[in-house]
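So the structure is just underneath, and the comments pick up after that.
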Amino acid sequence: MDQKMFCFQCEQTAQCQGCTGAAGVCGKSAGNAKLQDQLTGALIGLARAAQGKEGLLTRETDRVMLEGLFATVTNVSFDDEAIEELMDRVHEEAGFLYPSCMACPACVAEDYDMEELWQADEDIRSLKSLLLFGVRGMAAYAYHAWVLGYEDKTVNRFFYKALAAVGSDHYGMKELLPLVMEVGEVNLTCMALLDRANTETYGTPQPTEVTMTVEKGPFIVVTGHDLYDLKQLLDQTAGKGVNVYTHGEMLPAHGYPELKKYPHLKGHFGTAWQNQQREFAHLPAPILFTTNCLMPPKESYADRVFTTEVVAYPEMVHIGEDKDFTPVIQKAQELGGYPEDRTFTGINGGSALTTGFGHGAILAAADQIVEGVKSGAIRHFFLVGGCDGARPGRNYYTEFVKKTPVDTVVLTLACGKFRFNDLDLGTVAGLPRLLDMGQCNDAYGAIRVALALADAFGCGVNDLPLSLVLSWYEQKAVCILLTLLHLGIKNIRLGPTLPAFLSPNVLNFLVENYGIAPITTPEEDLKAILEKG
């Protein structure tokens, strides 16, 4: 193919077909994209080398696998040097598994050429892409748990199994379909692990109102998803006159008791990730990126961007494993912050946000919810959540939530909520109508609530007055979708576009077996949902 790169893993891929030019829509260069393919090929080589040698896999091998997959998630690593260093570590681990044959041309640990995947039959390519992108997303969740000291052997071993299948010529549709569904099953275990890691480390989230007012004086904005990094920063800024504000998916941090106890964790700044180039342009403070959601920094604020973990961008200051955030703190003190308090608003004009309605808080009100449904006070539940993004059409989710009837409840999670989480929807049956359940990392909580309600009403999840209206952008959304399908959840509405990597045959399979449908208009979708009951 006459192209400089090929990537179609995110929702915003060019022409809904694939990025093939000098740079991707996300901003990564063609050279960076090829390096990410080479890293993936090296990981597949490591996975193939590990087959039959699981007893030789170490914690470092698993770590390299997690970091390597996480680094290839959209908007994580734009740094060629960082990717090359990861590749070296992958090759080193493969060498430990096959020390005597690494120089062999036919070595079992030889890197896989990703062109074989991109040039494959469209249905095989589609299923292998689903498999690959799903485990990339799952690796991000596993990594968040890993840094807190929580691991699961079943989860870790599945990465090797899945990648070996991606690199195999012996898998047809019949063999690949069950593996794709297995991603959903294993990801459920992975999300439960991360939920346990977060709640046992930081406590059960509590409903919390979060201001969008930034107080005068030095401050740091923390974005991404990693609560561990936030905790380290809060410890290091304590008593130094530097306040900390969350951005994007870090908003739910305010609900955790062990994080909200820090008085200098003041509030929230900004909206979702795709607005950062505008929101950070004149920010008199440093920004710390802890996970994915990094966009190429504009010159107006590039000197204030710091990265850590697997996030990397050329010439940006990177905080290493020692987690010494001194450079970030010094930059905050140097810049000085705003001279007076400044209040920012969400896209609908709200100046405060409420978060912390995790499964613990919602299930604590289960009796109240069940009674509300039985009495007719609550007619329907909507889960409106997922990734935000820049492609036109995402205002659908704002309008959908605005139009939901007053006798319905809107559950939400992930950064898609910034389209509407500053709306005041009032209450129903003594509960807020809008319940923010947390990050995309907290999707397990929504699943637990759905299963608990099904148990309370003695029915299946698909029989509940519950509808899922989801937005997607990157690979974590892919593994969550596969988990929902593994649980047999049907009639999910997905937007703003369907994945480019779904071939017509694979898409037909999902439509016929799970009723997946694209969003249409808020009015049409609401009418269809409520008429169905």
Side-chain angles (χ1 to χ4, degrees), residues 1-3 5-20 24 33 36-37 40-41 43-45 47-48 51 69 72-74 112-138 158-187 470 472-518:
M1 291 184 286
D2 184 21
Q3 56 190 29
M5 63 177 284
F6 180 75
C7 183
F8 63 171
Q9 70 176 1
C10 84
E11 190 272 334
Q12 292 178 184
T13 196
Q15 287 83 49
C16 294
Q17 295 179 345
C19 294
T20 59
Q36 291 195 23
D37 270 0
T40 303
L43 290 167
I44 291 172
R48 294 191 292 199
Q51 301 305 296
L69 285 168
T72 59
V73 169
T74 305
Y112 175 72
D113 183 356
M114 290 293 286
E115 281 299 314
E116 293 185 32
L117 174 57
W118 306 141
Q119 301 280 3
D121 166 84
E122 68 170 356
D123 292 331
I124 298 300
R125 182 179 75 164
S126 182
L127 289 173
K128 285 190 174 183
S129 295
L130 261 175
L131 185 58
L132 173 61
F133 301 158
V135 294
R136 281 179 175 174
M138 186 167 70
F158 183 75
F159 292 117
Y160 300 91
K161 176 182 178 180
L163 289 184
V166 172
S168 173
D169 295 328
H170 305 300
Y171 283 79
M173 290 189 69
K174 181 179 178 181
E175 293 80 17
L176 287 170
L177 270 171
L179 264 178
V180 168
M181 291 300 122
E182 193 175 350
V183 175
E185 179 183 6
V186 178
N187 186 56
L470 306 180
W472 79 282
Y473 172 68
E474 41 86 344
Q475 297 75 65
K476 290 187 287 183
V478 174
C479 65
I480 291 172
L481 177 63
L482 292 176
T483 294
L484 295 174
L485 300 185
H486 158 70
L487 292 169
I489 296 175
K490 297 184 177 181
N491 303 317
I492 297 170
R493 284 173 166 79
L494 186 65
T497 63
L498 295 177
F501 50 81
L502 292 181
S503 67
N505 285 334
V506 172
L507 179 58
N508 287 338
F509 171 83
L510 297 177
V511 171
E512 291 173 5
N513 289 273
Y514 299 98
I516 284 182

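Because the structure is predicted, anything quoted here is derived from the model rather than measured. As a basis for the values below, the full set of heavy atoms in this structure was taken, side chains included, without hydrogen atoms, waters or symmetry mates.
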Okay, side chain of [X], backbone of [Y]: is any donor-acceptor separation there less than 3.5 Å?
| X | Y | result |
| --- | --- | --- |
| Thr20 | Met5 | no |
| Lys128 | Ser168 | yes |
| Gln12 | Tyr473 | no |
| Trp472 | Thr497 | yes |
| Gln51 | Ala47 | yes |

Non-hydrogen side-chain atoms of [X] and [Y] separated by less than 4.5 Å:
| X | Y | value |
| --- | --- | --- |
| Ile489 | Thr483 | no |
| Val186 | Lys161 | no |
| Val135 | Val166 | no |
| Val478 | Phe501 | yes |
| Trp118 | Gln3 | no |

Does the side chain of Gln475 come under 3.5 Å of the side chain of Thr74 through a donor N or O and an acceptor N or O?
yes
Show your reasoning for whether side chain to side chain contact (heavy atoms under 4.5 Å, CB included) applies to Leu470 and Leu484.
CA-CA 11 Å; Leu470 306 180; Leu484 295 174; 3.8 Å; yes
Quick one: closest heavy-atom pair of [X] and [Y], and the distance?
| X | Y | answer |
| --- | --- | --- |
| Leu131 | Leu179 | CD1-O, 3.8 Å |
| Asp123 | Met173 | CB-SD, 3.6 Å |
| Val73 | Glu474 | CG1-OE1, 4.2 Å |
| Cys479 | Gly134 | CB-O, 3.3 Å |
| Met138 | Val183 | SD-O, 4.2 Å |
| Gly172 | Glu175 | N-OE1, 2.8 Å |

So how far is it from [X] [atom1] to [Y] [atom2], rounded to the nearest 0.5 Å?
| X | Y | atom1 | atom2 | result |
| --- | --- | --- | --- | --- |
| Asn187 | Glu182 | CG | CD | 12.0 Å |
| Leu510 | Ile516 | CG | CD1 | 4.5 Å |
| Leu132 | Leu127 | CG | CG | 12.5 Å |
| Cys19 | Phe6 | SG | CZ | 9.0 Å |
| Ser503 | Phe509 | OG | CZ | 11.5 Å |
| Gln119 | Ile124 | CD | CD1 | 15.0 Å |

Given the rule in the side chain to side chain contact (heavy atoms under 4.5 Å, CB included) test, do Leu117 and Tyr112 qualify, once you have shown the distances and angles that lead to the verdict?
CA-CA 9 Å; Leu117 174 57; Tyr112 175 72; 3.7 Å; yes
Single hit among Leu494, Thr13, Val506 for side chain to side chain contact (heavy atoms under 4.5 Å, CB included) with Pro499:
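Exactly one candidate clears the test, Leu494.
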